[in-house]
Amino acid sequence: MLEKPMLNFLDFTYAEALQKLSELGMAKFSAKQIFDWVYRKGNYSPGEWSNLSSKNRELFQKNFTLSLPQVLWHGLSKDGTRKFLLKLDDTQTIESVVIAAKNRLTLCISSQVGCAIGCTFCHTGTQGLKRHLNTSEVTGQYLTVSKWLRENVGEDCRLTNIVYMGQGEPLHNYENVRKATEIFLEPQGLGLGQRRITLSTSGLVPQIKKLTDFPPVNIAISLHSAKNDVRSELMPINKTYDLERLFEAIKTIPLKAHRRITYEYLLIKDLNDTPEDVEALSELLTQKESKINLIPFNEYPGSEYKRPTDEKIYWFMEQMSDKGFTCTVRHSKGDDILAACGQLKTQYEKLNLWNSSTSSI
Ligand code: SAH
Ligand code: SF4
């Protein structure tokens with residue numbers, strides 16, 4: 001008889017884990033202890049879980065694996081950004097980036113291998129969608145990178161924030177991203193605060209309308225233009241869900257008191273950086289409920305778009321600030337290690353480093 005495939009315990013929320021473990025006859029108390037070892041202590045060796053009975057340890061090992069993404073490559077940029085190329089069980093690779101700023105250490109995580117949305121400015125978009133990440137591959141990026149930082153940088157090097165701004169469209173992989181977010185927030189899980197997590201979306205209208213069921217994290221919308229024709233050129237999704245439909249859906253997002261939606265606006269030379277674009281953007285957004293984050297386009301080989309000059313970028317920011325908006329510029333991090341979305345993975349494949357061993361620099 002074929003043996004049942006083992007389940008990855010890291011795919012379960014606390015509620016699901018309680019259910020699975022109780023089916024095996026384990027008490028709620030043991031489930032709490034297991035979550036504590038895995039998510040609080042970062043210990044993935046059931047043999048070492050000293051406060052569990054040997055019977056429960058064996059039962060766990062017979063039924064579950066604790067499979068995490070593996071660090072295939074790591075690079076440290078001059079500005080402190082760290083980039084990780086991670087290998088999944090089926091040998092697909094994804095990127096996670098750690099960005100240090102002020103008193104924060106933010107992990108930028110991927111939600112898919114590739115992306116189906118196909119934005120014309122995005123390196124990941126050119127690769128198409130390979131597959132969704134499962135729950136444990138989303139949370140696994142946080143667990144693997146946290147472990148690596150603890151072991152290689154120091155015990156007190158702790159991630160404080162998470163942004164879903166790596167490869168993939170998180171709302172296209174709604175269910176796994178929702179479950180992973182639950183684990184990030186859950187007091188029994190990683191216990192991060194709601195304000196420490198930001199989900200960025202290109203504007204999948206049906207899923208935005210479902211955010212009423214999503215844990216209440218910060219929401220960022222990739223806008224990139226306030227004009228339908230320009231936005232459709234940059235983001236094919238705008239041909240299906242144009243600005244009118246997008247903003248109708250945004251109105252349904254439950255916002256807690258004092259929270260605002262962030263609008264990401266990629267600045268591309270002569271395409272969306274003109275006085276007309278400033279007017280269109282300020283007419284579209286209301287000051288009270290929005291924050292604008294300007295992202296200077298990060299050029300890469302083969303891309304037809306250009307980055308505006310620094311003067312132009314700051315001119316755009318000042319125009320929006322003068323109109324009463326909270327507007328910031330996101331400085332590109334880790335340029336010297338190919339930190340923009342999807343570039344490292346491609347470079348790695350080109351160099352044919354598949355069979356070389358893990359290198360950490
Ligand atoms: N798919 C989601 C999640 C993040 S996508 C979304 O589109 O919102 C990755 C992020 O990288 C987005 O904020 C996007 O604007 C940014 N990005 C992609 N290509 C870029 C480039 N060439 N230069 C600068 N930012 C880029
Ligand atoms: Fe996908 Fe976001 Fe890249 Fe667009 S910008 S292709 S939605 S990852």
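Values below: all heavy atoms of this structure, side chains included; hydrogens, waters and symmetry mates excluded. Order of appearance sets the numbers: ligands from 1, and atoms from 1 within every ligand.
- Ion pair E151/K147 flagged as a salt bridge, since at least one NZ, NE, NH1 or NH2 atom sits closer than 4.0 Å to an Asp/Glu carboxylate oxygen.
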message: Pair H224, R231 - check side chain to side chain contact (heavy atoms under 4.5 Å, CB included), show working.
response: CA-CA 7 Å; H224 308 327; R231 193 165 191 269; 5.6 Å; no
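- Ligand 1 has a nitrogen or oxygen under 3.5 angstrom from a nitrogen or oxygen of N298.
- Listed by number with element, the atoms of ligand 1 under 4.0 angstrom from any heavy atom of E264 are 13 (O).
- For R104, the CZ atom counts as loosely surrounded, since its 6.0 Å shell holds 12 or fewer non-hydrogen atoms of other residues, nucleotides or ligands.
- Annotation for ligand 2: atoms under 4.0 Å from non-hydrogen atoms of F121 are 5 (S).
- A ring pair (Phe, Tyr, Trp, His ring centres under 6.0 Å) with Y265 holds for exactly one of F316, F121, F297; it is F316.
- For residue C122, an N/O/S atom approaches atom 3 (Fe) of ligand 2 to within less than 2.8 Å.
- Checking C119 against atom 1 (Fe) of ligand 2, every N/O/S atom stays at or beyond the 2.8 Å cut-off.
- Taking OG1 from T328 and CG from N293, the interatomic distance works out to 4.0 Å, rounded to the nearest 0.5 Å.
- The pair R178-E175 meets the salt-bridge criterion, since a charged nitrogen lies less than 4.0 angstrom from a carboxylate oxygen.
- Heavy-atom neighbours of K251 NZ from other residues, nucleotides or ligands within 6.0 Å: at or below the threshold of 12.
- Below 4.0 Å from some heavy atom of G166 lie the following atoms of ligand 1, by number and element: 4 (C), 5 (S), 9 (C).
- The atoms of ligand 1 that sit less than 4.0 Å from any heavy atom of S202 are 6 (C), 7 (O), 8 (O).
- Backbone and side-chain nitrogen or oxygen atoms of G168 are examined, and one is located within less than 3.5 angstrom of a nitrogen or oxygen of ligand 1.
- Around atom CD of Q61, more than 12 heavy atoms belonging to other residues, nucleotides or ligands sit under 6.0 Å away.
- When the heavy-atom distances from atom 2 (C) of ligand 1 to S200, A116, G203 are ranked, the shortest goes to S200.
- Of the heavy atoms in I221, none comes closer than 4.0 Å to ligand 1.
- Not a single N or O atom of H123, backbone or side chain, sits closer than 3.5 Å to an N or O atom of ligand 1.
- A salt bridge links K323 with E279: at least one charged nitrogen is closer than 4.0 Å to a carboxylate oxygen.
- Within ligand 2, the atoms closer than 4.0 Å to a non-hydrogen atom of S202 are 7 (S), numbered from 1 in the order shown.
- For ligand 2 and G118, the ligand atoms under 4.0 Å from any heavy atom of the residue are 6 (S).
- Remark: ligand 1 atoms within the under-4.0 Å shell around heavy atoms of H224 are 15 (O).
- Those atoms of ligand 2 with a heavy atom of G125 less than 4.0 angstrom away are 6 (S).
- Annotation for ligand 2: atoms under 4.0 Å from non-hydrogen atoms of C115 are 1 (Fe), 6 (S), 7 (S), 8 (S).
- Compare S110, A116, G168 by their heavy atoms: the one nearest to atom 8 (S) of ligand 2 is in G168.
- Residue K269 places its NZ atom among 12 or fewer non-hydrogen atoms of other residues, nucleotides or ligands, all under 6.0 Å distant.
- Among Y265, F121, Y164, F297, the residue whose heavy atom sits closest to atom 19 (N) of ligand 1 is F121.
- Ion pair R131/E137 flagged as a salt bridge, since at least one NZ, NE, NH1 or NH2 atom sits closer than 4.0 Å to an Asp/Glu carboxylate oxygen.
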